[in-house]
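Have a look at the structure below before the remarks.
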Amino acid sequence: MTDRAHSWSLYLAPHVIHSCYAAVEQSVIKKKFHTQTLAPHRSLSLSRRHRLRLRLTSRRRRRQEPPLPLPPLPRPSPSQLPKPKPYSSSFASAAMSSEPPPDAAAAAASSAGDLAADLSSATISKKQLKKDARKAEKAEKASQRQQQQQPQADADDPFAANYGDVPVEEIQSKTISGRVWTEVGGLDEAAAGRSVLIRGAAQAIRPVSKKMAFVVLRESMSTVQCVLVASADAGVSTQMVRFATSLSKESIVDVEGVVSLPKEPLKATTQQVEIQVRKIYCINRAIPTLPINLEDASRSEAEIEKAEQAGEKLVRVGQDTRLNYRAIDLRTPANQAIFRIQCQVENKFREYFLSKNFVGIHSPKLIAGSSEGGAAVFKLQYNGQPACLAQSPQLYKQMAICGGFERVFEVGPVFRAENSNTHRHLCEFVGLDAEMEIKEHYFEVCDIIDGLFVAIFKHLNENCKKELETINRQYPFEPLKYLEKTLKLTYEEGIQMLKEAGTEIEPMGDLNTEAEKKLGRLVKEKYGTEFFILYRYPLAVRPFYTMPCYDNPAYSNSFDVFIRGEEIISGAQRIHLPELLTKRATECGIDASTISSYIESFSYGAPPHGGFGVGLERVVMLFCALNNIRKTSLFPRDPQRLVP
């Protein structure tokens, strides 16, 4: 260890001495340049001296003069090197440790420090160092100001507690405050002068000045105007007004204030009162720029066309764009009204059938074979077995009748794998189905349909006026015409009306879309109704379980129901005889073994029965005269769409 320490000190000393020589030599060259070149110009300003120095450098480069060479560094001879100290225990201890010997370390540190200082002064001027220091100081002060700005603003505002963004922990069901909330739709003149607490989405934000702003809040289909006016008496500061105007549209906001009556009627809101804001808090901020503008999505086609005629270009939100951002599109007043109408139709359907002693059931949607015939089924594997999604609850409704329920109904999903990209077809829709015993004639089923739909139409017209008016503003339509006693026509009578009007139909064929619409117009002109029943269809165009007519087996005990020239219901008397049912299934290309349990249920004794099925979305679409069934499906599924 003694030899290693001694060798290390001998190796370090020349390097330290060489570094010291280099630093001294660089200092001498710099001093010589300043003395010979810049000394005569000491009286010049710093900028002029700098320019002179640049000119001298440029001249030297133009003359291609080489830079001043550094004089060779004299190497000390071995005799000039300091002789090592004799071995001592202290030096041995130092050599055994990880630290260098004290004398050598001090010399190395001193030389290295001097060298670093000289190199630093040679490469970075004092002016640059000062400039960098000022920049760093300025950046630090700006950062401190930014951090202190908001707290300082709040400290300066005595009403800072009356507004702001609510912390997340406060909306995580932290506590039950017992506060009383008021629905926006319930605000009317009777509430004037009362303090209320409401929550809604910021539909519109309009700053008037630094001391005044308007915020329109929306809750479902109702809107109210909230007014902020900076006033010490009201507890509203200019900072609070600024906070309100900084909110993004569709942000969720709580407002506490006093209800007041405006001087003039309000056109932009549903409620004819205002709220003088005392407190406003943001529960959740929406992103600053939404993918679609709610105002654009709420315009009618007539408004857009009128603006175009006036030379103004308005945004037209397409159907696909609406469906891509359905969560925003559903907020429009028309969509809010459409799905409230849909809810009422479903509720009335249940209510009516319960009043007629029907029992609600729920049938399986995973089945072994087709329930309607044909290949339009979604096939899948069910625990290693082939299965499909139910095209209807048809088989299970009939089995329920065989089970002794007499009358049943169901509301549930229906799946059709038809590649139909039309305005009235979906791959999944809500089915309203019913099945009942027949005592004598399948017209008993038609009479149930008559009473059901007349009751639904009356209920909507009498109890959903606000919703219908809201839909009418964006999608104008004429009220549906119907008779108190629903019109019934035979299939042959309908075909004859079409022939007389110049429309040829394939013999014993089904009606296509155009024929249905034309027949609807003809019936409206002749009978004054847009709701009617067409019965006694050809057997070839009906499902396998449809009962043939007694007098002509080419026809069937079946019917369709139409609204505004489009079919909404398909129904019939069912075959309840197992032998005939098996024969008809085979004729329609259905493997009877896949529906063996269904067929067997009729061999245990089954009463004559009939029923029907209707799509909920199609009923709402046609009652409101909408042009696309996707408008009445919350999140539609068609051949091209699986999300959202």
Side-chain angles (χ1 to χ4, degrees), residues 220-221 292 294 296-305 316-349 414 416 420-432 453 456-461 463-482 513-514 516-521 524 529-532 561-569 614-641:
S220 64
M221 293 179 61
I292 59 174
L294 204 63
D296 295 333
S298 302
R299 289 194 185 96
S300 67
E301 191 65 25
E303 289 177 302
I304 296 174
E305 291 176 357
R316 181 184 276 106
V317 183
Q319 185 71 55
D320 283 340
T321 303
R322 290 177 181 274
L323 296 180
N324 290 341
Y325 302 103
R326 192 62 159 163
I328 301 176
D329 182 51
L330 289 174
R331 301 175 190 181
T332 64
N335 280 331
Q336 289 285 313
I338 286 170
F339 291 101
R340 281 168 169 74
I341 292 289
Q342 186 182 95
C343 178
Q344 291 298 316
V345 172
E346 179 183 347
N347 287 346
K348 199 64 183 176
F349 179 87
V414 174
R416 301 286 172 87
S420 299
N421 294 284
T422 71
H423 75 286
R424 65 175 187 171
H425 286 96
L426 291 171
C427 291
E428 180 185 355
F429 60 89
V430 178
L432 308 176
F453 277 87
I456 289 175
F457 298 154
K458 284 185 176 180
H459 176 77
L460 295 179
N461 288 329
N463 300 286
C464 301
K465 293 181 180 179
K466 176 183 176 182
E467 288 79 5
L468 294 174
E469 289 172 359
T470 301
I471 297 171
N472 215 336
R473 280 195 292 271
Q474 184 166 3
Y475 306 112
F477 68 94
E478 293 293 328
L480 179 71
K481 292 185 177 181
Y482 62 94
T513 302
E514 290 304 317
E516 288 178 355
K517 288 184 176 181
K518 188 165 187 178
L519 180 60
R521 291 193 295 269
K524 181 181 179 181
T529 181
E530 295 175 284
F531 178 71
F532 63 95
V561 182
F562 296 85
I563 295 180
R564 300 187 194 270
E566 294 194 42
E567 177 247 311
I568 62 162
I569 290 179
V614 55
L616 175 61
E617 292 89 346
R618 194 176 290 189
V619 172
V620 178
M621 176 188 78
L622 293 174
F623 182 81
C624 298
L626 298 170
N627 63 358
N628 199 306
I629 198 169
R630 291 159 186 80
K631 287 184 169 68
T632 59
S633 177
L634 197 67
F635 295 99
R637 293 291 177 262
D638 59 30
Q640 309 301 325
R641 182 171 290 278

Notebook entry, point to check: Would Thr321 and Asn324 satisfy side chain to side chain donor-acceptor pair (under 3.5 Å), going step by step from the backbone distance to the final call?
Noted result: CA-CA 5 Å; Thr321 303; Asn324 290 341; 5.3 Å; no
Next item on the list: Start with the C-alpha gap between Asn335 and Asp329, add the side-chain angles, then the distance that decides, and say whether side chain to side chain donor-acceptor pair (under 3.5 Å) holds.
Entry: CA-CA 7 Å; Asn335 280 331; Asp329 182 51; 3.1 Å; yes
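Note on Lys524 versus Glu530: salt bridge recorded, some NZ/NE/NH1/NH2 to OD/OE distance being below 4.0 Å. No salt bridge links Arg424 with Glu617; every basic N to acidic carboxylate O contact stays at or beyond 4.0 Å. In this structure, Arg340 does not pair ionically with Glu467, as no charged nitrogen and carboxylate oxygen lie closer than 4.0 Å. For Asp296 and Arg316, the salt-bridge test fails: no basic side-chain N is under 4.0 Å from an acidic carboxylate O.
Gln344 has its side chain within reach of His459: a pair of non-hydrogen atoms, C-beta onward, lies under 4.5 Å apart. Proximity of Arg473 to Glu303: side-chain heavy atoms (C-beta onward) are nowhere separated by under 4.5 Å. Between Phe623 and Ile568 the shortest side-chain heavy-atom distance does not fall below 4.5 Å. Using a 4.5 Å heavy-atom threshold, the side chains of Leu622 and Phe562 count as separate.
For Phe457 and Phe531, the ring centers sit closer than 6.0 Å to each other.
To the nearest 0.5 Å, atoms NZ (Lys465) and OG1 (Thr470) are separated by 14.0 Å.
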